[in-house]
Amino acid sequence: MRNISALIVSLFLALPSYAQSVQETELVHALFRGMNPQSIEHNREVCGYIVLSPSGQLEVSKASWGGEASCATLPVPPGYTILSSWHTHAAWGRGYDGEVPSTIDVEGDMRLGINGWVATPGGRLWFINGQTGFMYQVCGRECLPTDPNFFPEEHGPVEKQYTLAQLRRRLF
């Protein structure tokens, strides 16, 4: 049993880490506590990057305002390293399944090879692994500020995690 435990630990240590750090998670949570209400109020997505500054500090890039269901991030200054993307899903809208990341969200992060963060109108916070497309709720409904007009689970129960294939089945 001891050898199996040692093998499992060594396998995990040998794998590259694509998960978010505690520091990044706290930064993103604080960011969305302030940004989600503005996004909902103006019914526009807001997006940007979590970056590592040239001095090694974890920072949030300049935010970009998009439309109801899209947002284009601004370029980061030279010397900054992009760690992950972030964006809100604007206000709740009937017929739009904004409580989960979209396939465009996931595929975009995978194409860039970076992780992603998504805040929803129902107050969920999602993390997207940009290498595998696996996503999970960092915290569930109402953990972030919510849209007062939000109608819970209009598209059925929201699972705690999805693969990209599972997300496609949900959305299509």
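Note that the coordinates shown come from a computational prediction; the quantities given were computed from them, not determined experimentally.
Residues Tyr96 and Met135 do not share a hydrophobic cluster, defined by chaining ILVMFWY side chains whose heavy atoms lie under 4.5 Å apart. Grouping the Ile, Leu, Val, Met, Phe, Trp and Tyr side chains by contacts below 4.5 angstrom, directly or via other members, places Tyr136 with Val28. Grouping the Ile, Leu, Val, Met, Phe, Trp and Tyr side chains by contacts below 4.5 angstrom, directly or via other members, places Tyr80 apart from Leu52. Under the 4.5 Å side-chain heavy-atom criterion for Ile, Leu, Val, Met, Phe, Trp and Tyr, Phe134 and Leu112 are members of distinct hydrophobic clusters.
Residues Gly116 and Ser84 come closest through the heavy atom pair N-CB, 4.3 Å. The shortest heavy-atom contact between Pro121 and Gly98 is CD-O, 3.6 Å. The shortest non-hydrogen separation linking Arg170 to Asp97 is NE-OD2, 2.8 Å. The shortest heavy-atom contact between Ala63 and Met35 is CB-CE, 4.5 Å. Here the closest non-hydrogen pair linking Pro54 and Gly79 is CG-O, 3.5 Å. Taking all atoms of both residues into account, the shortest heavy-atom contact from Phe32 to Pro37 is O-CD, 3.9 Å.
To the nearest 0.5 Å, atom CG of residue Asn43 and atom NE2 of residue His89 are 12.5 Å apart. Gln38 contributes atom CD, which lies 7.5 Å from atom CD of Glu41 (distance to the nearest 0.5 angstrom). The CD1 atom of Ile40 sits 6.5 Å away from the OG1 atom of Thr146 when rounded to the nearest 0.5 Å.
Residues Val60 and Ile50 are in side-chain contact: their nearest non-hydrogen atoms beyond the backbone lie under 4.5 Å apart. Between Leu31 and Trp117, every side-chain heavy-atom pair lies at or beyond the 4.5 Å cut-off. Counting only heavy atoms from C-beta outward, the side chains of Glu68 and Glu45 never approach each other to under 4.5 Å. When side chains are defined from C-beta on, Leu58 counts as touching Leu83, because their heavy atoms get closer than 4.5 Å. Contact check for Arg169 versus Tyr162: no side-chain heavy atoms found under the 4.5 Å cut-off. His87 has its side chain out of reach of Ser39: every pair of non-hydrogen atoms, C-beta onward, lies at least 4.5 Å apart. Side-chain contact between Ser64 and Thr73 is absent, with no heavy-atom pair separated by less than 4.5 Å. Using a 4.5 Å heavy-atom threshold, the side chains of Leu164 and Glu107 count as touching.
Judged by distance alone, the side chain of Gln137 and the main-chain N or O of Leu125 form no donor-acceptor pair under 3.5 Å. Within the 3.5 Å criterion, the main-chain N or O of Gly130 finds a donor-acceptor partner in the side chain of Asn115. With hydrogens and angles disregarded, no donor-acceptor distance shorter than 3.5 Å links the side chain of Asn36 to the backbone of Leu144. A donor-acceptor pair is defined here as one N or O able to donate and one able to accept, closer than 3.5 Å; no such pair exists between the side chain of Glu99 and the backbone of Val158.
A salt bridge links Glu153 and Arg124; the closest N-O separation between the charged side-chain nitrogens and carboxylate oxygens is under 4.0 Å.
None of Thr132, Ile128, Val118, Asn129 except one satisfies the side-chain contact (heavy atoms from CB on, under 4.5 Å) rule with Val106; the exception is Ile128.
In this model, no donor atom of one side chain and acceptor atom of the other lie less than 3.5 Å apart for Trp126 and Thr120.
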Check against side-chain hydrogen bond (donor to acceptor under 3.5 Å, both in side chains), Ser102 and Asp105:
CA-CA 5 Å; Ser102 71; Asp105 297 338; 3.1 Å; yes

Practice task
In sequence, state the C-alpha distance, the side-chain angles, and the governing distance for Trp86 and Tyr49, and then conclude on ring pair (Phe, Tyr, Trp, His ring centres under 6.0 Å).
Solution key: CA-CA 6 Å; Trp86 64 265; Tyr49 293 113; 9.0 Å; no

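Classified by interplanar angle (parallel below 30°, tilted 30° to 60°, perpendicular above 60°), the ring pair Phe151/Trp92 is tilted.
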